[in-house]
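All remarks here apply to the structure that follows.
All of these numbers come straight from a predicted model, not from anything done at the bench.
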Amino acid sequence: MRSIVFSLILSILPVAAAKQALLSPHSTSSGKITPVETFLNTNVDDMITQMTLKQKVGQLFIFGFTGKNINVSLKRQLNTLYPGSIIVFGRNISSLKQIRRLNTEAQELAMKNTKVPLLISVDQEGGMVLRIKTSPALPSARTLALTGDEHLVQEAGYVTGQLLSTLGFNMNLAPVVDISDEQQRDFLENRAFGHQKEVVNQMSSAFSKGLVHAGILPTAKHFPGHGGVRTDSHLATPYKQITLTELLFNDLAPYKSMLSSQIPFAVMASHISCPLIDPSRKPATFSKVLLEKVLRKDLGYDGIVLTDDIQMKGARVNQLSLGERAVQAILAGNDIIMVGWNYNVQKQAVGAVLKAVKEGRISEERLNTSLRRILSYKQKFAPKMNYEPLVIKLKQISFAQIYDQIFDKVFSNQLPDPSVLGRKVEIYSYSWKFLSSYKKWANGRLLYLPKFKGWKNKKNVDTIVFHLSGPTSAKVLRTAPASIKKKIVVINSSSRDYIENDDQFKKVVNVHSYHPSLGSFAAKHLAKTEYRQPTSSTTLSP
């Protein structure tokens with residue numbers, strides 16, 4: 001039995017003793033009440049009356065920032081604009097120790113300025129959208145759905161939430177609840193759980209329950225649904241030709257499921273337009289029809305709605321300035337406006353909303369409605385910093401074992417029959433890790449794809465195990481003649497869209513995520529080798 005070493009890609013040296021327990025939700029050892037505990041025990045309306053107008057408006061924004069520490073830029077942002085939330089991108093992370101410290105210090109500064117903690121968010125969806133890198137990594141939503149196991153998916157949400165909470169986050173901009181279209185490719189690919197609404201309902205609810213159990217606020221996105229739409233809203237405004245009846249029946253089913261399960265969650269409004277529902281053709285970000293009528297009234301949702309970044313090209317409508325976009329987004333029904341880049345642009349957005357409130361375009365009542373939602377959620381998901389050394393905390397989180405179980409289940413669901421391998425087997429991959437881990441559990445001739453010279457001399461080969469890992473390997477696979485394809489077992493750790501017809505191959509196993517021991521799982525289930533499941537240890541890299 002060999003052990004797969006669980007290594008974190010990011011440096012995780014132990015953290016020194018944390019600063020004074022400013023963020024702890026409990027009393028200090030001296031018996032003093034901490035600022036967060038005071039926040040938790042304060043009536044929301046009382047809190048609102050004690051805030052200045054600029055502090056109130058600041059709560060309605062989520063900002064990105066530059067740098068990997070509390071630098072001059074971030075201090076200026078927190079000290080002058082008072083954002084209620086921040087979003088951490090990959091550009092802000094160099095190690096787990098570093099991001100934990102940054103989150104802690106950002107909370108301290110926010111509490112000092114406003115006496116209200118931040119929502120610190122991150123895009124930790126799984127698969128290709130991960131800001132916190134681990135090995136093995138959180139599988140994609142499509143991989144989670146392939147397990148068919150709600151309990152296992154809830155466990156994946158829980159251990160992911162534990163990791164985020166340990167690092168000082170209290171909000172995840174996940175799960176993606178868009179329902180993909182089986183007949184129409186969209187840019188989401190493996191980020192979506194699938195095209196069957198029942199599956200998306202089950203898996204998005206299960207993953208969200210796990211996050212909540214770990215103290216992390218989940219965010220269902222991208223309302224009202226990007227599924228089946230080719231246009232990426234980062235680049236342009238997508239238009240989805242769908243009726244309200246169709247939308248309520250299909251795309252909004254996951255939101256109904258989460259509401260019926262009484263899961264607390266936020267909703268991210270996207271920059272997608274539904275002209276058959278809102279003839280103004282406004283993206284959901286600016287559509288009162290979609291937000292106030294459909295989401296609030298028809299679905300009965302009363303939680304936080306936040307926008308996707310209003311600097312995205314999909315939000316650039318009617319020549320509106322960025323400040324006016326922020327105002328229009330609030331008037332449409334959003335509670336939190338995302339401005340991901342540039343302090344000067346963020347300052348412009350805050351200034352425009354402040355002016356709109358002073359002029360009466362945004363009423364105090366409207367402002368307070370959003371503040372009540374935001375502050376209530378913050379009381380439910382207040383930061384809980386633990387002062388144990390980071391390495392010790394991470395060893396207590398069993399995400400390596402859970403992710404291993406997910407991959408094992410995905411393979412077992414698709415390879416329940418006897419071995420599909422013959423006596424002479426060749427294994428192709430661009431990854432030496434895939435090849436070497438396969439070889440440890442089953443026999444075969446290894447072929448490193450960068451040295452591939454064609455499909456000749458395969459007459460006596462019984463089976464070719466081909467690891468499809470991306471567009472380059474997909475291109476090689478397409479060159480195989482039909483007679484060879486009938487011998488190929490495809491292990492697809494990339495997008496489903498690279499394979500047009502499963503029947504042309506001996507077998508297709510869709511995994512839709514990468515695992516450092518993917519070859520081991522393939523060997524186990526293809527050859528039906530008798531051995532214990534490979535389990536990632538919690539040994540940490542220095």
Side-chain angles (χ1 to χ4, degrees), residues 4 6 8-9 96 121-167 169-178 188-194 196 198-221 254 257-258 261 263-265 393-414 493 510-518 521 533-538:
I4 303 170
F6 171 53
L8 292 176
I9 296 173
L96 300 188
S121 66
V122 66
D123 289 288
Q124 194 74 359
E125 297 176 12
M128 61 184 176
V129 181
L130 284 170
R131 308 301 184 216
I132 312 299
K133 309 288 188 180
T134 62
S135 179
L138 171 65
S140 70
R142 189 63 57 92
T143 305
L144 296 179
L146 286 171
T147 66
D149 188 330
E150 290 179 65
H151 175 73
L152 194 52
V153 173
Q154 184 171 334
E155 285 296 305
Y158 177 60
V159 294
T160 300
Q162 284 184 299
L163 173 63
L164 295 181
S165 181
T166 296
L167 299 177
F169 295 96
N170 53 0
M171 185 178 193
N172 190 7
L173 300 182
V176 171
V177 301
D178 300 329
L188 291 169
E189 297 185 348
N190 299 337
R191 295 173 65 192
F193 287 103
Q196 296 174 310
E198 293 80 11
V199 172
V200 179
N201 292 351
Q202 292 168 357
M203 298 306 171
S204 57
S205 290
F207 189 77
S208 297
K209 286 177 184 176
L211 288 173
V212 171
H213 185 50
I216 300 295
L217 173 62
T219 305
K221 63 184 187 184
S257 175
M258 291 173 72
S261 298
I263 302 168
F265 65 102
K393 282 296 296 178
L394 291 169
K395 284 184 176 181
Q396 296 169 357
I397 305 172
S398 60
F399 46 97
Q401 290 84 349
I402 296 298
Y403 299 163
D404 284 354
Q405 290 177 40
I406 288 167
F407 277 89
D408 195 63
K409 192 71 176 285
V410 167
F411 273 98
S412 64
N413 284 349
Q414 296 179 69
S493 64
N510 288 305
V511 186
H512 298 316
S513 294
Y514 180 73
H515 188 290
S517 293
L518 187 62
F521 292 102
Q533 177 184 331
T535 301
S536 297
S537 72
T538 53

#### Entry: From NZ (Lys209) to OG (Ser204), nearest 0.5 Å
10.0 Å
### Query
Does Ser513 have any side chain to side chain donor-acceptor pair (under 3.5 Å) partners at least two apart in sequence or in another chain, and if so, which?
Ser140, Thr143
### Query
How long is the gap from OG on Ser257 to CD on Glu198, to the nearest 0.5 Å?
10.5 Å
### Query
Which residues satisfy the side chain to side chain contact (heavy atoms under 4.5 Å, CB included) test with Gln396, sequence neighbours excluded?
Glu388, Ile392, Lys393
### Message
Between Phe193 and Val176, is the side-chain contact (heavy atoms from CB on, under 4.5 Å) condition met? List the steps.
### Response
CA-CA 8 Å; Phe193 287 103; Val176 171; 5.8 Å; no
### Message
How close do Gly148 and Asn413 get, counting heavy atoms only, and between which atoms?
### Response
N-ND2, 4.3 Å
Which donor-acceptor pairs under 3.5 Å do side chains of residues 150-164 form with protein atoms, sequence neighbours excluded?
{"unit_1": "Tyr158", "atom_1": "OH", "unit_2": "Gln162", "atom_2": "NE2", "d": "3.3"}
{"unit_1": "Thr160", "atom_1": "OG1", "unit_2": "Ala156", "atom_2": "O", "d": "2.7"}
{"unit_1": "Thr160", "atom_1": "OG1", "unit_2": "Tyr403", "atom_2": "OH", "d": "3.1"}

#### Entry: Stepwise side-chain contact (heavy atoms from CB on, under 4.5 Å) test for Thr219 and Ser121
CA-CA 10 Å; Thr219 305; Ser121 66; over 6 Å; no
### Query
When you look at Leu146 and Gln414, which way does the side-chain contact (heavy atoms from CB on, under 4.5 Å) test go after all the steps?
CA-CA 9 Å; Leu146 286 171; Gln414 296 179 69; 4.2 Å; yes
### Euclidean distance, Leu217 CG relative to Asn172 CG, rounded to 0.5 Å
9.0 Å
### Message
Please determine whether side-chain contact (heavy atoms from CB on, under 4.5 Å) holds for the pair Leu138 and Phe207, giving the CA-CA distance in whole Å, both sets of side-chain angles, and the decisive distance to 0.1 Å.
### Response
CA-CA 12 Å; Leu138 171 65; Phe207 189 77; 4.1 Å; yes
### Message
If I compare all heavy atoms of Pro264 with all of Val212, which pair ends up nearest, and what's the gap?
### Response
O-CG2, 3.7 Å
## Note on the structure
In terms of heavy-atom contacts, Ala220 and Phe265 come closest through CB-CD1, 3.9 Å
## Note on the structure
When rounded to the nearest 0.5 Å, the distance separating CZ of Arg142 from CG of Leu188 is 9.0 Å
### Query
When you measure from the side chain of Asp178 to the backbone N and O of Ala192, does any donor-acceptor pair fall under 3.5 Å?
no
### Separation of Ile263 CD1 from Met258 CE (nearest 0.5 Å)
5.0 Å
#### Entry: Rounded distance [0.5 Å steps], CD in Gln124 versus CG in Leu211
10.0 Å
### Query
So which heavy atom on Val200 is nearest to which on Pro254, and how close?
CG1-CG, 3.6 Å
#### Entry: Where Glu125 and Leu173 come nearest, the two heavy atoms and their spacing
CG-O, 4.1 Å
#### Entry: Closest heavy-atom pair and its distance - Leu518, Ser493
CD2-CB, 3.8 Å
### Task
In plain terms, say whether Asp123 and Lys221 are close enough for a salt bridge, that is, a side-chain N and a carboxylate O under 4.0 Å apart.
yes
